[in-house]
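One structure is given here, and the rest of the page talks about it.
None of these values were measured; they are calculated from a predicted model.
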Amino acid sequence: MTNKTGFAAIAVREQGLKRQLTSAQMSMIAIGGAIGTGLFMGSSFAIGFAGPGVLISYAIGALIALLLMGCLAEMTVAHPTSGSFGAYAEYYVGPLAGFLVRYAYWAAIVLAVGTEVTAIALYMKYWFPEVAGWIWILLFSAALILCNAISVKAFGHFEYWFSAIKISAILAFILLGAWLVFGGSHPEYGFQHYVEHGGFLPNGLSGVWVAVIIAIFSYLSIEMIAVAAGEAEEPEKAVKQAFRVTMVRLVVFYLLTLTLILAMVPWNQTGQGGQSPFVSVMQQVGIPGATGLINFVILVAALSAMNSQLYTTTRMMFSLSRAGYAPRAMGRLSSAGVPLNALALSCTGVALATLVNLAFPEESFMLMIAISIFGALFAWMMIFFTHYRFRRYHERHGERQLAFRMWGFPGLTLLGLALMVAILLTTAFVPAFRMTLVFGVPFLVLLALAYRLYFRRNAQVVSAQTQEA
């Protein structure tokens with residue numbers, strides 16, 4: 001192997017994964033990760049904060065997500081690797097930044113896995129109210145861990161069909177909702193609900209802004225398209241296609257479904273008793289069997305999101321190991337090209353969720369969101385900053401013509417960065433999210449200390465070995 005320098009050295013470190021994901025699977029993976037508990041369950045908390053004004057919240061979240069995808073697509077087309085935005089931060093910002101982004105994001109998604117399995121336990125209570133939630137957590141977790149352990153091809157196949165079920169169900173829900181709201185024969189459904197119970201902004205603009213935090217959590221995992229690019233058959237084509245279709249579908253699915261939900265059920269009655277707003281709507285409509293059907297779809301959505309998150313955390317830990325930031329065993333691959341040790345470590349969120357569910361069965365879901373969201377917000381913030389450095393680097397060096405370019409640079413990149421900083425700071429003033437910074441800031445400090453005391457020297461050895469290979 002020839003001597004590799006620059007970003008090529010990082011790409012060499014992460015070789016060995018199988019490129020078996022098709023463009024169609026990549027698009028479905030991106031959608032599948034972002035249409036999960038955030039939409040089906042988290043939206044009820046967002047509606048509670050903002051009322052009908054939650055539509056503004058999700059529109060702001062969609063704008064941030066769109067800007068993020070543009071920045072990420074540009075960098076991913078240039079450097080398709082599983083370390084993705086963590087590797088980009090390492091090269092374009094600095095080794096410490098790459099270390100912090102990858103570990104913070106890994107921890108966030110590991111904990112987000114916990115929110116999905118916690119939600120699964122809640123969904124199963126619809127059919128089996130007497131069965132303890134932790135039993136369902138363990139059963140479904142075991143099935144999805146096995147799916148991820150077989151091969152990336154198996155993961156892609158399952159995720160494609162999981163996502164297809166979700167998308168079909170959401171489209172059916174939109175058609176049903178449109179018929180009920182606009183059909184004219186159901187006066188109890190309509191936009192009059194938008195101005196009842198305190199008006200469109202019952203909790204003011206502050207409530208709308210707080211709900212943006214939930215919106216970002218809902219859109220979380222769209223960035224996994226960059227991680228999956230390291231195992232795509234045609235990464236450049238796959239990323240471009242996924243970027244085009246994902247954002248349109250996400251905006252339509254989120255904003256259109258919430259628009260219809262709020263027109264069919266008064267905002268202060270959605271999600272009562274901890275159930276999904278979608279279930280509330282089906283109970284209101286009264287179609288026989290519809291409530292059980294939508295509960296099944298919501299269960300599939302949570303399983304799909306969890307499946308995607310297990311995949312993402314496994315590859316991020318693999319990338320950390322290959323960079324010298326985690327034990328070498330985490331970077332070993334099975335004969336099918338799966339980092340099984342990294343997968344095993346990434347299952348810690350399942351164990352934590354089981355414990356939290358046992359200790360705080362009623363508050364577990366919101367608590368897991370508050371703790372997990374720090375790393376995601378930090379990673380999104382750093383993606384914008386890294387993109388700024390990435391573009392400036394290429395402008396200075398003129399090394400290559402970028403195959404995909406984010407529009408509106410630097411203004412829109414800096415706008416995304418500023419919005420993410422503002423959202424992070426907002427969590428300090430919201431009781432429901434107070435644990436976000438209480439957990440996140442000390443965690444970041446501990447990571448920085450660990451890097452300075454141990455991992456910096458280890459990473460330098462790995463880098464030297466890579467360039468000598």
Classify the ring geometry between [X] and [Y] as parallel (under 30°), tilted (30 to 60°) or perpendicular (over 60°).
| X | Y | answer |
| --- | --- | --- |
| F128 | W136 | tilted |
| F385 | Y388 | parallel |
| Y311 | F155 | parallel |
| Y325 | F99 | perpendicular |

Are any side-chain N or O atoms of [X] and backbone N or O atoms of [Y], one a donor and one an acceptor, separated by less than 3.5 Å?
| X | Y | result |
| --- | --- | --- |
| S321 | M317 | no |
| T313 | L310 | yes |
| Y219 | Y58 | yes |

inquiry  = Does T427 form a side-chain contact (heavy atoms from CB on, under 4.5 Å) with L377? I'd like the steps, not just the answer.
reply    = CA-CA 10 Å; T427 62; L377 295 178; 4.3 Å; yes
inquiry  = Nearest 0.5 Å, please: how far is CD1 in I170 from CD1 in I294?
reply    =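 The CD1 atom of I170 is 8.5 Å from CD1 of I294, to the nearest 0.5 Å.
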task = Nearest 0.5 Å please: distance from the CD1 atom of I423 over to the CD1 atom of I216.
result =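 Interatomic distance, I423 CD1 to I216 CD1, rounded to 0.5 Å: 4.5 Å.
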message = Taking side chain to side chain donor-acceptor pair (under 3.5 Å) as the criterion, tell me which of H79, H387, R389 meets it with Y92.
response =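 Option passing the side chain to side chain donor-acceptor pair (under 3.5 Å) with Y92: H79.
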query = Are side-chain heavy atoms of L417 and M381 found at a separation under 4.5 Å?
reply =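 Side chain of L417 against side chain of M381, heavy atoms only: contact under 4.5 Å found.
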ask   = Below 4.5 Å, heavy atoms only, C-beta onward: do F374 and L424 meet side chain to side chain?
value =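 Touching, per the 4.5 Å side-chain cut-off.
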request  = Given side-chain contact (heavy atoms from CB on, under 4.5 Å), test M75 with I383 step by step and report yes or no.
outcome  = CA-CA 10 Å; M75 294 188 289; I383 287 171; 4.1 Å; yes
task = Report yes if the distance between the aromatic ring centroids of F173 and F278 is under 6.0 Å, otherwise no.
result =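 So the answer is yes for these two rings.
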ask   = Any luck finding a side-chain donor-acceptor pair between Y254 and S218 under 3.5 Å?
value =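 Side chains of Y254 and S218: no pair found under 3.5 Å.
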request  = List the atom of E231, the atom of G337, and the distance in Å for their closest heavy-atom pair.
outcome  =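 Here E231 and G337 meet closest at OE2-O, 4.4 Å.
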query = Which residue pairs satisfy the side-chain hydrogen bond (donor to acceptor under 3.5 Å, both in side chains) criterion with at least one member in residues 100-114, sequence neighbours excluded?
reply =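 For residues 100-114: E90-R102, R102-S319, Y105-E223, W106-S346.
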